[in-house]
Novice: 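This is the structure, below, for whatever I ask next.
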Amino acid sequence: MTTLTHTKRILVPLELNETGEDLLYYAGQLAHALGAELYLFHACKTADLTYTQQSSCIQKLRSFAERVFSREFKSSKVAAPFDCVVRPGQVSDSIQSVVQDYQIDLVLMDAGTRANNGLNREATELAAVVMDLVSCPVMVLPASIRYRKLKNLVFATDFTDQDQKVLFRIADLAQQLKAKLTLVQVYGEEERSQLCSYKAAMLEIEKQLKGRKVAFRLLEEEDVLEGISEFSEETSADLLILATQDNYLMERLFSTNYMKTMAFHTRIPLLTYRQHKKKPCSGCCVNCTSKQKQVQLQTVHQ
């Protein structure tokens with residue numbers, strides 16, 4: 001029997017402001033639900049940190065967290081145990097080493113601001129950068145979202161292009177949360193000829209995950225990303241999960257076009273796992289195809 005992979009350590013990059021308070025409150029609830037420890041990370045934006053400055057920054061971060069937790073969790077006593085980590089420079093300068101040093105299982109980030117319909121370009125760009133830098137999953141929250149129990153998880157995937165290790169990590173997370181997991185593949189009209197292979201792959205994954213609380217769906221939609229969002233809304237998803245090779249799909253999901261339509265995935269958390277793909281995303285992703293051509297050209301010139 002496969003050993004469950006539990007999420008035990010959550011890293012939360014924080015700004016010591018109102019947005020940081022919202023993120024910290026969510027982090028406390030999520031950590032409690034998972035039985036995980038919190039590591040609160042603040043980048044001090046200075047070129048260097050002396051021992052005295054480091055101690056001062058840690059104390060400010062700890063006081064900020066204790067103030068938020070004492071206010072938000074006064075009655076329920078939900079706040080999880082936490083430790084504080086500070087580094088000089090920007091978040092992107094040191095988050096990779098922090099994740100490695102503290103053996104982090106999940107990074108929790110904010111991607112919004114109260115002033116912009118739940119999304120902020122600078123915040124989403126930072127989240128996309130972090131996804132490229134770290135090997136662990138990254139969870140991105142829309143602004144001002146209040147925690148609700150994660151009971152219904154939707155994993156938008158390609159049944160024919162699975163990394164078994166990532167698949168089981170996602171299934172383990174759902175089990176840890178005591179949540180239902182739905183694997184959905186949304187495909188375009190031009191992919192109808194591949195439907196038999198999609199169904200066969202889906203049945204194979206169903207066998208692998210037998211005994212778990214998992215559902216499977218195949219949906220044809222004109223626009224794959226809109227289809228994912230509509231399915232998430234119809235099924236009242238609490239969390240949308242993606243397993244991607246890079247941050248390109250996340251950038252598309254939070255592009256200006258999708259922000260204007262306020263697609264459902266911009267109103268629930270997005271969780272991304274790193275997965276090496278055997279084929280371009282959705283079979284036709286321009287970004288992946290371009291990268292493949294670059295690799296081919298490099299091979300020819302070597």
Side-chain angles (χ1 to χ4, degrees), residues 1-12 22-38 73 76 78-80 104-111 127 131 136-142 145-159 162-186 202 205-219 227-244 250 253 263-275:
M1 187 174 178
T2 309
T3 305
L4 289 179
T5 304
H6 279 153
T7 299
K8 297 175 183 175
R9 300 179 185 88
I10 302 173
L11 183 71
V12 190
D22 290 342
L23 177 60
L24 189 54
Y25 171 70
Y26 193 103
Q29 295 275 17
L30 179 63
H32 178 74
L34 290 167
E37 292 179 81
L38 285 176
F73 301 115
S76 59
V78 168
I104 298 300
D105 301 307
L106 173 69
V107 175
L108 181 67
M109 299 188 69
D110 179 82
M131 286 174 192
C136 68
V138 178
M139 186 170 170
V140 183
L141 305 180
I145 186 172
R146 300 300 282 179
Y147 180 83
R148 69 180 187 188
K149 190 175 179 182
L150 302 177
K151 298 184 287 186
N152 187 8
L153 317 184
V154 169
F155 175 26
T157 188
D158 180 339
F159 295 130
Q162 289 289 332
D163 180 325
Q164 193 178 54
K165 186 178 178 183
V166 172
L167 175 65
F168 275 93
R169 284 186 72 185
I170 293 169
D172 288 348
L173 177 69
Q175 196 160 327
Q176 192 175 353
L177 288 166
K178 299 180 175 63
K180 177 187 176 182
L181 175 64
T182 302
L183 275 65
V184 58
Q185 178 169 352
V186 180
M202 183 179 75
I205 294 169
E206 196 170 351
K207 286 179 190 173
Q208 292 174 26
L209 297 179
K210 189 175 180 182
R212 294 175 184 253
K213 195 177 177 182
V214 184
F216 301 84
R217 289 291 299 274
L218 271 166
L219 295 174
I228 291 168
S229 184
E230 286 172 12
F231 178 80
S232 298
E233 185 160 25
E234 286 168 10
T235 56
S236 302
D238 301 308
L239 178 67
L240 174 61
I241 304 171
L242 300 173
T244 63
M250 184 269 183
L253 279 166
F264 187 71
H265 61 253
T266 66
R267 288 176 271 140
I268 63 171
L270 172 69
L271 177 60
T272 63
Y273 285 75
R274 179 70 62 83
Q275 175 181 322

Novice: Test Val154 against every option in Val184, Leu242, Leu239 by the side chain to side chain contact (heavy atoms under 4.5 Å, CB included) rule and name the one that passes.
Specialist: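 Answer after filtering Val184, Leu242, Leu239: Val184.
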Novice: Between Gln275 and Ala243, what is the shortest heavy-atom contact and its length?
Specialist: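 It is OE1-CB, 3.3 Å.
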Novice: Nearest heavy-atom pair of Met131 and Val138: which atoms, and what distance?
Specialist: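 That closest heavy-atom pairing would be CG-CB, 3.8 Å.
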Novice: Can you name the residues that form a side-chain contact (heavy atoms from CB on, under 4.5 Å) with Gln162, not counting sequence neighbours?
Specialist: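 Checked Gln162 against side-chain contact (heavy atoms from CB on, under 4.5 Å); matches are Phe155, Thr157, Leu167, Ile205.
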Novice: For Ile145 and Ile268, which heavy atoms make the closest approach, and how far apart are they?
Specialist: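 Minimum heavy-atom separation between Ile145 and Ile268: CD1-CA, 4.3 Å.
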Novice: How long is the span from the CG atom in Leu240 to the CD atom in Glu233, to the nearest 0.5 Å?
Specialist: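 Here the interatomic distance stands at 12.5 Å.
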Novice: Going by side-chain contact (heavy atoms from CB on, under 4.5 Å), name the residues that satisfy it together with Lys213, two or more places apart in sequence or in a different chain.
Specialist: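 Counting only residues at least two positions away or on another chain, Lys213 forms a side-chain contact (heavy atoms from CB on, under 4.5 Å) with Lys180.
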Novice: With rounding to the nearest 0.5 Å, note down the distance linking CG in Asn152 to OG1 in Thr182.
Specialist: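 With rounding to 0.5 Å, CG (Asn152) is 5.5 Å from OG1 (Thr182).
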Novice: The test is side chain to side chain contact (heavy atoms under 4.5 Å, CB included); show your working for Asp172 and Arg212 and say whether it passes.
Specialist: CA-CA 9 Å; Asp172 288 348; Arg212 294 175 184 253; 3.0 Å; yes
Novice: Measuring from atom CG of Leu11 to atom CD1 of Ile104, what distance do you get when rounded to the nearest 0.5 angstrom?
Specialist: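 Spacing of CG (Leu11) from CD1 (Ile104) equals 4.5 Å.
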Novice: If the condition is ring pair (Phe, Tyr, Trp, His ring centres under 6.0 Å), which residues does Phe231 pass it with, not counting sequence neighbours?
Specialist: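 Listed in chain order: nothing, the list is empty.
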Novice: Measuring from atom OG1 of Thr7 to atom CZ of Arg169, what distance do you get when rounded to the nearest 0.5 angstrom?
Specialist: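 Nearest 0.5 Å value for the OG1-CZ distance: 7.0 Å.
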Novice: Looking only at non-hydrogen atoms, find the nearest pair between Arg217 and Met202 and report the distance.
Specialist: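 Heavy atoms of Arg217 and Met202 come nearest at N-SD, 4.3 Å.
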Novice: Any heavy-atom pair between the side chains of Leu271 and Leu106 that's under 4.5 Å?
Specialist: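 Yes, at least one pair of side-chain atoms sits under 4.5 Å.
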Novice: Just how far is it from atom CZ of Arg146 to atom CD of Gln29, taken to the nearest 0.5 Å?
Specialist: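 Interatomic distance, Arg146 CZ to Gln29 CD, rounded to 0.5 Å: 8.5 Å.
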Novice: Start with the C-alpha gap between Asp110 and Asp22, add the side-chain angles, then the distance that decides, and say whether side chain to side chain contact (heavy atoms under 4.5 Å, CB included) holds.
Specialist: CA-CA 9 Å; Asp110 179 82; Asp22 290 342; 5.7 Å; no
Novice: Do Cys136 and Asp105 make a side-chain contact, defined as non-hydrogen atoms from C-beta onward lying under 4.5 Å apart?
Specialist: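 A side-chain contact under 4.5 Å is absent here.
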Novice: Roughly how far, to the nearest 0.5 Å, is the CG atom of Leu173 from the CG atom of Leu153?
Specialist: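 Result: 6.5 Å between the selected atoms.
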Novice: Do Met139 and Leu30 come within less than 4.5 Å of each other through their side chains, counting heavy atoms only?
Specialist: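 A side-chain contact exists here, since the closest heavy-atom pair is under 4.5 Å.
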Novice: Please report the shortest heavy-atom distance between Ile241 and Leu181, naming the atom on each side.
Specialist: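 Scanning both residues, the minimum pair turns out to be CD1-CD1, 4.4 Å.
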Novice: Applying side-chain contact (heavy atoms from CB on, under 4.5 Å), name anything that partners Lys165, two or more places apart in sequence or on another chain.
Specialist: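 Expected list: Asp163.
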Novice: If the condition is ring pair (Phe, Tyr, Trp, His ring centres under 6.0 Å), which residues does Phe159 pass it with, not counting sequence neighbours?
Specialist: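 Ring pair (Phe, Tyr, Trp, His ring centres under 6.0 Å) check on Phe159 returns nothing, list empty.
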Novice: How would you list, by chain and number, every residue that makes a ring pair (Phe, Tyr, Trp, His ring centres under 6.0 Å) with Tyr273, sequence neighbours excluded?
Specialist: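 In terms of ring pair (Phe, Tyr, Trp, His ring centres under 6.0 Å), with neighbours along the sequence ignored, Tyr273 is linked to no residue.
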